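Quick notes on the structure that follows.
Quick caveat, the model's predicted, so the values are computed rather than measured. Remember, it's 1-based here, ligands and their atoms both numbered in the order they're listed.
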Amino acid sequence: MVYQIYPRSFADSDGDGIGDLGGIAQRLGHIHALGVDVIWLSPVYRSPQVDNGYDISDYRDIDPLFGTLAQFDELLTEVHRLGMKLVMDLVVNHTSDEHPWFVESRSSREHPKRDWYVWRDAREGAEPNNWASFFSGSAWTWDDTTGQYYLHLFDRRQPDLNWENPEVRKAVHDTMSWWLDRGVDGFRMDVINFISKVDGLPDARPVPGQRFVSALDRFADGPRVHDYLAEMRREVFGSRDAEFITVGEMPGVTTEQARLYTDPARGELDMVFQFEHMSIEQAPNDKYVFAGLDLVALKKSLHRWQAALADAGWNSLYWNNHDQPRVVSRFGDDSPEYWAASAKALGTVLHGMRGTPFVYQGEELGMTNFPFRSAQDFVDLEAVNYHRGVLDGGGDAAAALAGLAHFSRDNARTPMQWEPGPNAGFTTGEPWLAVNPNHSWLNAAAQVDDGDSVFAHYRALIRLRHELPVLVDGDLTPLWEEDPQIWAYVRRTAGTALLVVANCGRDRRTVDVGPEWLTAELVLGNLAGTPAAIESTGLHLGGWDARIYVKGRQSYPNQVR
Ligand code: TEU
C-alpha cells in the first residue's frame, strides 16, 4: 500500500509554519509503524507555491520552504533503510509561469522555446475557444508582449506544456531519469491523461448561461496520450532493471481507457487514479454543490471498476488525497458516537477490494473535515476563485460557502494532528492553515498505542493484505448491491474465500449470509465484542459494524481484531 504525504501539512521542523523534509524525516517512524510499503510525496520542487507546489519552476531542485537536495537524499536513504520506497509527484502537463522554459517561451514569437507551450491568436478579439479553467474563468490568458493567448487548464500561472513538441517530451524524460538516478522508485503523474489535446482545440459543447465550459472531452484521454506514455516507458524505464511504480492521475478516465493504460502487455502505467466515485454526490456541472449521497451508486461505481479491471489492468483504491474532503465526514458519520466505527468501516470496504490501496496522511487517524465558517477561512486558490466567481455572478453566497465547507480541498490540507498540544505538534510557529480544533482528542499520540484506534484498524488492514494472498489476487463478487446500507462482497481464490461486510449506517441490521459462511472465522472487526463466528440466525450488525471473515483454511495464523 501507498501512503501519501502532503509535505506542506505533514510536519514542520523549522518553525516557519510550513511542513518540510526535516519534519517528514522526524515522523518516518509513524509511517513505518503503520506498515507502509511506498510513500508518495506531493511536490517538493522549487515553486512559487501558487497551487502549493503543483506549479513547478525548477524540476531539479527542492524548494527552500521544504529543505535542500542534500536533505532529500538523506530522507530517501532513510526511507530505503526502513524497507520502504519513495514515489515522486511528476507535474508535467504544465509548469509554473516562472519556469525558465515559459519565461523564454513568452519572450518572443521567434524564440526556439515558443512552441514548448500552447500559444494561439485571438478569435474575433477574444479567447481562442470556450474552454474553462478548472480554477474558474477561461483556460486562456492574453500575453501582451507577443500578442497571443496561452493555454492553461488550471491557473493562469500554470501554463500547459505542448506535448506535441518532441523536445518537450525529451525534457520530461530527462527530468524523470535524473530523479531515478538519484534513487527514487517511481512517479505519481499529475493529470497525465490531459497531455494530448484534440487537434485544432475545438470548442467544447456550449452550456446555456456559461461563457466558459468544462472541456474534458477535448483533452482527457486525447489522441496521442497512449503513444506518449508508451514512449515515456521505453525512454525512461526501458533500459533499467529495477521495478518502478507508475500511477497516472486521470480525471474523467473511463474504465475502457484505464484498461488500456494499465494492461501490463501494453507497457504504459501500473495503475491510474480514476475519479468516478469522487463525484458521486456532486452536481454534474458544479463540484461544490451537494447532490445527495446514494450509497448504492457509490458501491456500484467501485464494483464496476473492480469488474472492468478484473483480468487486465489494475485498480488503485483511494478515499482521500490532498484534493478531496475527508472521507469520514463525506461518506461516513463524524458524530462522536460513530466517528471511529465509520472511519474503520470505510477503511475496511476499501482495503478489502482488489487493487493497490492509498492512504492519505491523517486518514489512518480518521481525521475529519474542518469546521469552516467564513470565506476568509479558505486559502486554496480553487476555493477562493470559486467563491469570487459565485459572488461576481450574483449567485447565492451562503450556498457557495456551504458547498466549500463540504467539498473544499482545504479540508484535506489542515495540518496533520500529531498531539493534543499547541498546533497539534505540527509546528512551533504559526501554521499556514488552521489546525482542526478536534486535535485535542483526535491525534496520533492518542491512537498509535491504542489497540482499538482507527490507526490500529488501518494497521491491521495493511497487515492483512501482506498476509492474505486472497486480498491481492482474489476475484470480487458483490452481494446485495441494491441495499442502501449494507456494503458487502466476497473475494475468492481457488482455496480461500473472504467475506467483507459493512453496515454503512446507524441502524442495526441483520443479513442472511447463507450456511456456507457458518464455519468462517472472523479475521477483523471494528467493534468491541464482535462474535468470532457467524450465528445461524444470521449476521447481526450494529451501527457502522464492519467485518472480514475468512473461509477455506483450517486455522488462521495471525488473528487480528
Ligand atoms: O488535480 C487534478 C484535478 O483535476 C482535480 O482533482 C483538482 O484538484 C481540481 O479539484 C479539479 O476541480 C491535480 C492535483 O492533484 C491538484 O492538486 C492540482 O491542483 C492540479 O492537478 C493541477 O496541478
Side-chain angles (χ1 to χ4, degrees), residues 2 4-9 40-45 47-57 59 87-99 102 131-137 139 151-161 172 187-195 212-222 247-253 272-280 282-289 316 318-325 330 358 360-361 378-387 389-390 400 403-404 406-413 433:
V2 184
Q4 183 192 353
I5 296 181
Y6 195 63
R8 202 180 176 80
S9 305
W40 148 31
L41 213 55
S42 275
V44 287
Y45 314 95
S47 156
Q49 303 289 326
V50 164
D51 189 18
N52 291 355
Y54 283 90
D55 50 318
I56 297 168
S57 54
Y59 288 105
V87 162
M88 297 295 273
D89 217 308
L90 183 77
V91 188
V92 288
N93 172 69
H94 44 269
T95 67
S96 161
D97 64 341
E98 293 183 27
H99 194 294
F102 188 70
W131 297 3
S133 150
F134 282 97
F135 295 155
S136 303
L151 178 70
H152 54 87
L153 297 183
F154 293 89
D155 191 75
R156 68 181 164 77
R157 289 154 294 179
Q158 294 169 296
D160 278 46
L161 281 163
V172 170
F187 299 96
R188 172 267 187 191
M189 304 176 187
D190 194 66
V191 290
I192 202 69
N193 65 329
F194 289 0
I195 56 179
F212 306 113
V213 299
S214 162
L216 213 50
D217 63 337
R218 298 294 193 255
F219 51 76
D221 309 324
V247 195
E249 189 216 22
M250 300 198 167
V253 70
V272 305
F273 289 133
Q274 57 93 6
F275 281 74
E276 198 178 281
H277 64 304
M278 289 287 110
S279 52
I280 216 91
Q282 295 170 331
N285 281 325
D286 190 338
K287 69 172 260 193
Y288 288 109
V289 171
S316 70
Y318 73 94
W319 283 139
N320 272 120
N321 58 44
H322 62 291
D323 295 330
Q324 300 295 334
R330 183 178 192 177
F358 285 70
Y360 175 67
Q361 67 186 41
F378 298 97
V379 305
D380 174 31
L381 84 168
E382 183 180 277
V384 171
N385 291 354
Y386 175 80
H387 189 253
V390 171
L404 284 169
H406 197 76
F407 288 116
S408 161
R409 310 198 294 182
D410 284 331
N411 281 301
R413 301 174 180 187
L433 185 63

*Nearest heavy atoms of L153 and D160, plus distance in Å*: N-OD1, 2.9 Å

*Under 3.5 Å, is there a donor-acceptor pair linking the side chains of S42 and Y54?*
yes

*What is the nearest protein non-hydrogen atom to atom 20 (C) of ligand 1, stated with its residue, atom name and distance?*
F154 CE2, 3.7 Å

_Only heavy atoms of F275, strictly under 4.0 Å: list the atoms of ligand 1 that pass._
6 (O)

*Kindly determine whether H152 and F102 satisfy ring pair (Phe, Tyr, Trp, His ring centres under 6.0 Å), including the steps that lead there.*
CA-CA 12 Å; H152 54 87; F102 188 70; 9.7 Å; no

_atom 7 (C) of ligand 1 - nearest protein heavy atom and its distance_ = R409 NH1, 3.7 Å

*Under a heavy-atom criterion of less than 4.0 Å, does H94 contact ligand 1?*
yes

_For ligand 1, which is the ligand I care about here, please tell me if Q324 has any N or O atom under 3.5 Å from one of the ligand's N or O atoms._
no

_Distance-only side-chain donor-acceptor flag, Q49 / R8, under 3.5 Å_ = yes

*Return yes when R188 approaches ligand 1 closer than 4.0 angstrom through a heavy atom, no otherwise.*
yes

_Ion pair check, D55 and R157, cut-off under 4.0 Å_ = no

_Suppose we measure from atom 9 (C) of ligand 1 to each protein heavy atom; which comes out shortest, and what is that distance?_
E382 OE1, 2.9 Å

*Run the numbers on Y318 and H277 for ring pair (Phe, Tyr, Trp, His ring centres under 6.0 Å), then give the verdict.*
CA-CA 9 Å; Y318 73 94; H277 64 304; 4.9 Å; yes

*Considering only non-hydrogen protein atoms, determine which one is nearest to atom 1 (O) of ligand 1 and report residue, atom name and distance to 0.1 Å.*
E249 OE2, 3.2 Å

*asked:* Students should be able to answer this: which protein heavy-atom is nearest to atom 18 (C) of ligand 1, and at what distance?
replied: D51 OD2, 3.3 Å

*asked:* Return the closest protein heavy atom for atom 5 (C) of ligand 1 as residue, atom name and distance.
replied: D323 OD2, 4.2 Å

*Establish, yes or no, whether a centroid distance under 6.0 Å links the rings of F194 and H94.*
no

*To the nearest 0.1 Å, how far is atom 4 (O) of ligand 1 from its closest protein heavy atom, and which atom is that?*
P251 CG, 3.5 Å

*Among all protein heavy atoms, pick out the one at the shortest distance from atom 13 (C) of ligand 1; state its residue, atom name and that distance to 0.1 Å.*
D190 OD1, 2.9 Å

_Numbering as shown, the atoms of ligand 1 that approach F135 to under 4.0 Å (heavy-atom distance)_ = 19 (O)

*Taking all non-hydrogen atoms of both residues, which atom of E249 and which atom of N193 are closest, and how far apart?*
O-OD1, 3.6 Å

*asked:* Tell me which one of L381, D155, V91, I56 satisfies side-chain contact (heavy atoms from CB on, under 4.5 Å) with D51.
replied: L381

